[in-house]
Q: 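Input: one structure, supplied below.
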Amino acid sequence: MPSRAEPWPRRLLRWYDRNARHLPWRENPTPYRVWISEMMLQQTKVETVVPYFRRFVRTFPSVRMLAAANLAAVLKQWEGLGYYSRARNLHMAAGIICKEHGARLPRTYDELLKLPGIGPYCAAAIASIAFGERVPVVDGNVLRVFSRLWMINEDVKKTRTRQALFSRLQPYVPGRRAGDFNQAMMELGARVCTPRNPQCGRCPLRTTCAAHAANRIAAYPVRSPTTRLPHRHVDVGVVRRNGRILITQRPVNRMLGGLWVLPGGPRANGERGSTSVARCIREKTGLDVRPGPIVATVQHTYSHFSITMTAFECTDPTGCLPRKHKNSAKWVWPRALDSYPMPTATRRAISRWLEDNDGTTRKHTVPKSSANRRKS
DNA sequence: AACGCGGGGTT
DNA sequence: AACCCAGCGTT
């Protein structure tokens, strides 16, 4: 049995010895094969890469063969893998390696880093796996694993966070098995410490994991709060009839359920606002309205998306509410609007419209669009 | 520091 | 429909 005092790098390696998948580039890890595999593995899943790797190294078995090939032939082998600049850089680097390094890959992290297509991740992977250099790889998996293990509260997307993790990890990279250590971290991230629903019960580092101990696994890794919220256009109508206006009730069990809103809905892709508002009102109330001028524009951000609400003044040529909509649509005197529960965006649109109607001859202005708000 | 690059799987 | 993936080069 492993003692609890066994350091985590050893536990990780023992786990790797028992659980490593056998992958083609692990069977015969020559520098060339490691290089090809790592180029293909950038932002690409292992299972996707395997067949491409086999075909590629069969077609171009050496750096010289790769350098001698036409770029078109290389791209053909890459077809379907995506990120085609990887193939172009690979081909270019092959030429440089032949011309300047005697057709052998550079053996150090620093030298590898100079080749086109090889960044910090790839340089560390090749240097450690093919040449045993003690440099840690910091990829998406490793960031996630250690963000949890050490409860790192920095945004994992930031360059600073990655550099800091590189420095912090380097002392742990074992002199004997640097490459296995790195592959073990990635393998753990890919198969156990997954983005969602991590398999903590099967994790060899569970007893060392700060986030697990704190029961805060789901809070890590900390992501940028600047993720762009999806944005929608919502078009609504101020439909007037004999001095009263039309409001509708949101379905219970939905967002804003039970609240009353100006009738309308989300604009379809490429649709005009005026078209959208008429369509949505017809769908929700059965009334055919004629959209007039825009009387209010409201920006609003919910927890998981943001909207631009555009309110059109509408006239109602047909009149009567069909029976099926009687319960969820109402004609209301403007002064009675306050008594109905309404979401903020609706409330703002209405008050904007009322202001413009009170003879305070303020021109309607469109607020500045906010494309990316921050999540709170 | 932010963005474009690609195709595919997961939730 | 987002998010994520064994990231890198450009701006």
Side-chain angles (χ1 to χ4, degrees), chain A residues 16 20-21 23-26 29 33-53 75 78-93 109 112-130 135-147 154-163 165-166 169 178-199 218 220-232 266 268-269 302-306 371-372 374-375:
Chain A
Y16 183 68
R21 293 169 285 187
L23 301 169
W25 49 90
R26 285 181 181 162
R33 287 165 62 89
V34 171
W35 175 39
I36 301 302
S37 70
E38 293 302 340
M39 288 299 291
M40 289 185 168
L41 285 163
Q42 291 168 24
Q43 296 294 287
T44 310
K45 289 212 147 75
V46 166
E47 309 85 79
T48 308
V49 165
V50 168
Y52 280 90
F53 175 84
L75 284 169
W78 209 270
E79 189 178 279
L81 254 193
Y83 282 129
Y84 297 95
S85 67
R86 291 184 293 177
R88 294 195 299 273
N89 286 326
L90 194 60
H91 187 241
M92 196 185 323
Y109 176 85
L112 287 161
L113 205 48
K114 295 175 184 167
L115 291 170
I118 298 188
Y121 163 76
C122 219
I126 299 169
S128 65
I129 297 170
V135 282
V137 298
V138 179
D139 74 334
N141 288 309
V142 174
L143 276 164
R144 183 173 56 255
V145 170
F146 288 92
S147 141
E154 317 297 325
D155 174 7
V156 295
K157 291 292 182 216
K158 299 226 187 242
T159 310
R160 293 236 359 219
T161 312
R162 290 164 189 251
Q163 290 170 343
L165 186 56
F166 183 97
L169 271 175
D180 285 348
F181 174 82
N182 281 333
Q183 291 187 86
M185 293 194 297
M186 294 189 284
E187 188 101 356
L188 188 71
R191 298 175 62 199
V192 176
C193 195
T194 48
R196 279 166 297 223
N197 307 323
Q199 310 291 304
Y220 294 88
V222 174
R223 281 184 214 83
S224 165
T226 63
T227 52
R228 200 182 288 268
L229 300 178
H231 188 266
R232 301 176 197 167
N269 226 340
Y302 298 100
S303 60
H304 51 306
F305 64 95
S306 60
N372 54 353
R374 287 166 182 279
K375 281 185 187 170

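Just so you know, these numbers use all the heavy atoms, side chains as well, and skip hydrogens, waters and symmetry mates. Residue numbering restarts at 1 for every chain, and letters A, B, ... go by the order of the sequence lines.
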Q: Can you name the salt bridge (Lys or Arg N to Asp or Glu O under 4.0 Å) partners of A/K114, sequence neighbours left out?
A: A/E111
Q: Distance check, C1' atoms only: C/dC3 and B/dG6, in whole angstrom units.
A: 15 Å
Q: What residues, two or more places apart in sequence or in another chain, satisfy side-chain contact (heavy atoms from CB on, under 4.5 Å) together with A/K45?
A: A/E47, A/T48
Q: Mind checking what makes side-chain contact (heavy atoms from CB on, under 4.5 Å) contact with A/R162, not counting sequence neighbours?
A: A/V138, A/L143, A/K157
Q: Taking only residues at least two apart or on different chains, which pairs with a member in residues 180-192 of chain A satisfy salt bridge (Lys or Arg N to Asp or Glu O under 4.0 Å)?
A: A/R21-A/E187, A/R26-A/E187, A/R177-A/D180, A/E187-A/R191
Q: Summarise protein proximity over nucleotides 4-11 of chain C in one line of letters, 5' to 3': B for base, S for sugar-phosphate only, - for none, counting protein heavy atoms closer than 4.0 Å.
A: SBBBSS--
Q: Tell me whether the rings of A/F166 and A/Y109 are parallel (<30°), tilted (30 to 60°) or perpendicular (>60°).
A: tilted
Q: I want to confirm an ordering. Mapping A/G80 and A/N197 to their closest nucleotides on DNA chain B, which one lands closer to the 5' end?
A: A/G80
Q: How far, in whole Å, is C/dA6 from B/dT11 if one measures between their P atoms?
A: 14 Å
Q: Between B/dG8 atom P and A/E79 atom CD, what is the distance in whole Å?
A: 11 Å
Q: Taking distance alone, no hydrogens or angles, what donor-acceptor pairs closer than 3.5 Å link side-chain atoms of residues 121-128 of chain A to residues at least two apart or in another chain?
A:
unit_1: A/Y121; atom_1: OH; unit_2: A/E38; atom_2: OE1; d: 2.4
unit_1: A/S128; atom_1: OG; unit_2: A/A124; atom_2: O; d: 2.8
unit_1: A/S128; atom_1: OG; unit_2: A/A125; atom_2: O; d: 3.2
unit_1: A/S128; atom_1: OG; unit_2: A/N182; atom_2: ND2; d: 2.9

Q: Could you pick out which residue, A/E47 or A/R86, lies toward the 5' side of DNA chain B when each is mapped onto its nearest nucleotide?
A: A/R86
